[in-house]
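For the numbers below, each heavy atom of this structure counts, side chains included, while hydrogens, waters and symmetry mates do not.
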Amino acid sequence: AIDTQALSAAFANLTGGQWLAALALTAASFWAVGRYDAVLHSHFATRTPPAVARRAGVCAIAVSQTLGLGLISGAILRWRMLPEISLWQATRLTAAVALSFLASWAVVTSMVLVVLPDAPYRAWAFVTLCLALAVAGFAIAAPQPRWLRWRLPNGFTLTRLLGLCAIDTLAASLAFMALLPAGLDLPYASLLPAFLLALGAGLALGTPGGMGAFEVTLIALLPTGESPELLAAILAWRLVYYALP
């Protein structure tokens, strides 16, 4: 039931300034993504130079988030970009990136839901933050288990991962905001929680680009519904944030 004419018109009305802003914000997001990989390389003591680790992280995320099956495609890309590590090391690193990013996303999203006055699921977000604080405190204070072959992250590592996740997700949401067609009156305070929840739904499902889950969640949480303008913004954002990288 999509009005393809209205969708095409809304897409065509996007200005050059909007595209440039979205590109700049996408670059900022991938800047954080690369450093996220470098932090975990440092944590696992792989001895990979930071610049090489950042480049491999950017390439792995750019391809795996578009193809889907992130654990498999991300591991293969990191193995290809880092020939000095084994496939098992690349897989372990990819799993660490995926799990820690999902945990960081949960914390960032919960903070947004708690802070913004009209955000949904505030009670669940508060519970998530309390649980995250407990887990982080245990990871920092508890002795290293003997059966665990790698050390638990310290407070400095956890803080860096959380900060980089915040930069990544907020830049991605601002890139989406920059591509909203004229006439779509949508405050950022309304868009941000819906965008973060939709992003998480896409991450959890593991489809290429989170396709399906992202759109359904975003449309359900925004007052605009499935308007042609919102669908045009989704299409434009997917071109800039997924297809181009």
Side-chain angles (χ1 to χ4, degrees), residues 1-11 13-14 18 22 25-26 29 33 61-74 98-99 101-114 116-125 127-128 165-166 168-181 183-245:
I2 294 174
D3 185 345
T4 52
Q5 274 194 323
L7 172 62
S8 299
F11 188 86
N13 284 335
L14 293 172
Q18 287 178 280
L25 289 161
T26 296
S29 178
V33 162
I61 294 298
V63 174
S64 64
Q65 74 176 3
T66 304
L67 293 181
L69 297 174
L71 182 59
I72 297 173
S73 55
L99 291 174
F101 186 84
L102 197 60
S104 299
W105 162 86
V107 173
V108 171
T109 302
S110 297
M111 290 173 66
V112 168
L113 297 181
V114 167
L116 292 180
D118 297 324
Y121 310 120
R122 180 171 293 182
W124 285 104
V127 171
T128 301
C165 177
D168 173 28
T169 52
L170 293 176
S173 68
L174 287 169
F176 186 90
M177 184 78 180
L179 292 168
L180 291 177
L184 188 62
D185 186 16
L186 190 60
Y188 186 62
S190 299
L191 173 67
L192 180 59
F195 179 90
L196 291 175
L197 289 168
L199 191 66
L203 287 171
L205 193 62
T207 56
M211 198 170 292
F214 178 85
E215 285 81 2
V216 169
T217 306
L218 192 66
I219 288 169
L221 292 174
L222 288 177
T224 58
E226 51 187 72
S227 65
E229 291 79 12
L230 180 63
L231 295 176
I234 292 173
L235 177 60
W237 182 71
R238 287 203 174 282
L239 288 173
V240 170
Y241 198 82
Y242 287 93
L244 182 62

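- For the side-chain contact (heavy atoms from CB on, under 4.5 Å) test with Y241, the passing option among L179, T26, T66 is T26; the others fail.
- Between T224 and E229, the closest side-chain pair of non-hydrogen atoms is not below 4.5 Å.
- Contact of the D168 side chain with the F101 side chain is registered, since non-hydrogen atoms from C-beta on lie closer than 4.5 Å.
- Taking the six-membered ring where the residue is Trp, W237 and F214 present parallel rings, their angle staying beneath 30° rather than reaching 60°.
- Counting heavy atoms of neighbouring residues, nucleotides and ligands inside a 6.0 Å radius, atom OH of Y121 does not exceed 12 of them.
- Between L192 and L170 the shortest side-chain heavy-atom distance falls below 4.5 Å.
- Of all heavy-atom pairs spanning A201 and A213, the tightest one is O-CB, 3.7 Å.
- Side-chain contact between Q18 and M177 is absent, with no heavy atoms from C-beta onward closer than 4.5 Å.
- Contact check for P193 versus L116: side-chain heavy atoms found under the 4.5 Å cut-off.
- In this structure, the side chain of Q65 does not engage the main chain of A62 through any donor-acceptor pair within 3.5 Å.
- No donor-acceptor distance shorter than 3.5 angstrom exists from the side chain of W105 to the backbone of T169, with no hydrogens or angles considered.
- P208 is not listed as a side-chain neighbour of L67, based on a closest heavy-atom distance of 4.5 Å or more.
- Rounded to the nearest 0.5 Å, atoms CG (L218) and CG (L230) are 5.5 Å apart.
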inquiry  = Checking S190 against D118 for the side-chain contact (heavy atoms from CB on, under 4.5 Å) test, could you report, in this order, the C-alpha distance in whole Å, the side-chain angles of both residues, the deciding distance, and whether it holds?
reply    = CA-CA 8 Å; S190 299; D118 297 324; over 6 Å; no
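- Annotation for M211 and R238: closest pair CA-NH2, 3.6 Å, computed over non-hydrogen atoms.
- Remark: of the listed residues L113, V108, V107, V114, V107 is the sole one forming a side-chain contact (heavy atoms from CB on, under 4.5 Å) with M111.
- Although no hydrogens or angles enter the test, the distance criterion places no donor-acceptor pair under 3.5 Å between the side chain of R122 and the main chain of S110.
- Contact of the S173 side chain with the Y188 side chain is registered, since non-hydrogen atoms from C-beta on lie closer than 4.5 Å.
- Counting heavy atoms from C-beta outward, L222 and L186 have side chains that approach closer than 4.5 Å.
- Counting heavy-atom neighbours within 6.0 Å of E226 CD, excluding the residue itself, gives a total of 12 or less.
- Counting all heavy atoms, side chain and backbone alike, L244 lies closest to V240 at CB-O, 3.8 Å.
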inquiry  = Please determine whether side-chain contact (heavy atoms from CB on, under 4.5 Å) holds for the pair F176 and I234, giving the CA-CA distance in whole Å, both sets of side-chain angles, and the decisive distance to 0.1 Å.
reply    = CA-CA 7 Å; F176 186 90; I234 292 173; 3.8 Å; yes
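- Checked against L231 for a side-chain contact (heavy atoms from CB on, under 4.5 Å), the options I219, D3, T4 give a single hit: I219.
- Listed for the S29 side chain is no donor-acceptor partner under 3.5 Å among the backbone atoms of L25.
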